[in-house]
Amino acid sequence: MLHLSTMDAFKNLKSGDLTVVDDEMLKNIQRVLLGILDDIVAVCEKYGIVYTLGGGSVLGAVRHRGFIPWDDDIDINFSRREYERFIPAFQEEFGEKYWIHTPENTDNYGLLFARVRLKGTVLKTRDDFWTEECGAFIDLFILENTFDNAALRWLHGMGCQVLGLLLSCRKFYRDRKYMMALARNNPALMPAFRVKIALGFFTALGSVNFWTRLANRWSALCKDDNSVLVATPAGRKKFWGELYRRSDMLEAVKMEFEGRKVNCPRNYEMYLTHMYGDYMTIPPEEDRERHPFFGEILLRKDSPPARFMAAGRPPARSGKRTTARWISSTPEPAIPAPSGPPRPYAYPTARNLGWIRSSSVRVISMAPPSLRVTTGHPPSLPETRRPVRTS
């Protein structure tokens, strides 16, 4: 049977186009994420906004009192009402420090959950081929109200499933060159990728924005903030697989996470058993999930030590796996900041942050993050967005 859900497949992707994240870099990604988490929690506490950790972040808090050792992200859950309070509050407090991507406001976004992304960093995923704002991020998922009436709940759930699939297909069609390049290294994915691209051809009458806004509005269809049940249409198991009692998920208990106290769902045992089965058992190494990253990884200089870039080829044209390298901080001549008038893009780069030149890594260009190149051929992009290469 052909499965069109590709979320789990991407988390276990094998491709020469991926950036290899070693243990040292993983620790520094986690440090940056903790800084983002602290800012999110500070806003929630200041404004009385209820949140809980979600997904593997809950598992990490329960089993490891912090990150799962190989985990490279943090998930946070909000009810729809609390989410709509959080976004403007966070924008007011930290709008100059972060990009805030949401399905209702971000152009060409194509996701049904929000992301808080740290400016001055680059951590590119498969969703970021068409944006320059691809910093290190935390995902914000919405636990949507759903109807107590079984018939209306069925209608709500089916609409979420169908519209979520159509949005995913529309994105696959937009990114078809990249998707097919990835599928060539993962033959088992090729049938599902081809079907989703074909379906995406028919959905292309509407833009990615159209399908994102439509699916987001449908997910928020139920306005009853006291409904017995809530669901996560954008979650790993979609609407029907993540349907919970409100009291289990949106009432919080404090748990330790990397030396700080954070909110987790009150009935975390039920949640983790439902999501992971025997969640206290450490999985074998081959079953451990990591998110795929593409191209260079840049972490801000003021998130110590966190100064990385990747050597190798960007997605869609490479034949070898990219390896992320540490840029040494040993005393070597730093590259001076460029003089003259500001460039059209003000995104920090290895050059204007005063990073150290490495003989094994070419200094990237001053183009925005999604267009920078290191070595090898540039990705296939529209002619209006060709990357600038350095000599």
Self-check item: Ile297 side, atom CD1; Leu123 side, atom CG - distance, nearest 0.5 Å
Solution: 5.5 Å
Self-check item: Phe137/His101 under ring pair (Phe, Tyr, Trp, His ring centres under 6.0 Å): CA gap, chis, key distance, verdict
Solution: CA-CA 10 Å; Phe137 60 89; His101 293 173; 9.6 Å; no
Quiz item: What pairs with Gln91 under side chain to side chain contact (heavy atoms under 4.5 Å, CB included), at least two apart in sequence or on another chain?
Solution: Ile100
Self-check item: All side chain to side chain contact (heavy atoms under 4.5 Å, CB included) counterparts of Met190, not counting sequence neighbours
Solution: Met180, Ala183, Arg184, Arg194
Quiz prompt | Ser219 side chain to Ala215 backbone, donor-acceptor under 3.5 Å | solution = yes
Quiz item: Which residues satisfy the side chain to side chain contact (heavy atoms under 4.5 Å, CB included) test with Pro187, sequence neighbours excluded?
Solution: none
Quiz prompt | Pairs touching residues 221-232 that satisfy side-chain hydrogen bond (donor to acceptor under 3.5 Å, both in side chains), sequence neighbours left out | solution = Asn145-Asp225, Ser227-Arg246
Quiz item: Which value, rounded to the nearest 0.5 Å, describes the distance between Leu163 atom CG and Phe239 atom CZ?
Solution: 12.5 Å
Practice problem: Name all residues meeting the salt bridge (Lys or Arg N to Asp or Glu O under 4.0 Å) criterion together with Glu104; count only those two or more places apart in sequence or in a different chain, and write none if there are none. | Solution: none
Quiz item: Taking only residues at least two apart or on different chains, which pairs with a member in residues 36-71 satisfy ring pair (Phe, Tyr, Trp, His ring centres under 6.0 Å)?
Solution: Phe67-Phe257
Quiz prompt | Set of residues satisfying side-chain hydrogen bond (donor to acceptor under 3.5 Å, both in side chains) with respect to Arg260, sequence neighbours excluded | solution = Asp38
Quiz prompt | Residue list, side chain to side chain contact (heavy atoms under 4.5 Å, CB included) with Ser247, at least two apart or on another chain | solution = Arg245, Glu251, Arg266
Self-check item: Pairs where residues 149-160 contributes a residue and the test side-chain hydrogen bond (donor to acceptor under 3.5 Å, both in side chains) is met, not counting sequence neighbours
Solution: Thr146-His156
Quiz item: Is Arg85 salt-bridged to Glu82, going by a charged N under 4.0 Å from an acidic O?
Solution: yes
Exercise. Not counting sequence neighbours, which residues clear side-chain hydrogen bond (donor to acceptor under 3.5 Å, both in side chains) with Gln30? List them please.
Key: none
Exercise. With sequence neighbours excluded, tell me which residues meet side-chain hydrogen bond (donor to acceptor under 3.5 Å, both in side chains) with Arg80.
Key: Glu144, Asn216
Self-check item: Any donor-acceptor N/O pair, Ser57 side chain to Asp75 backbone, under 3.5 Å
Solution: yes
Self-check item: Qualifying residues under side-chain hydrogen bond (donor to acceptor under 3.5 Å, both in side chains), relative to Tyr98, sequence neighbours excluded
Solution: Asp39
Practice problem: Could you tell me whether the side chain of Tyr271 and the main chain of Val58 form a donor-acceptor pair under 3.5 Å? | Solution: no
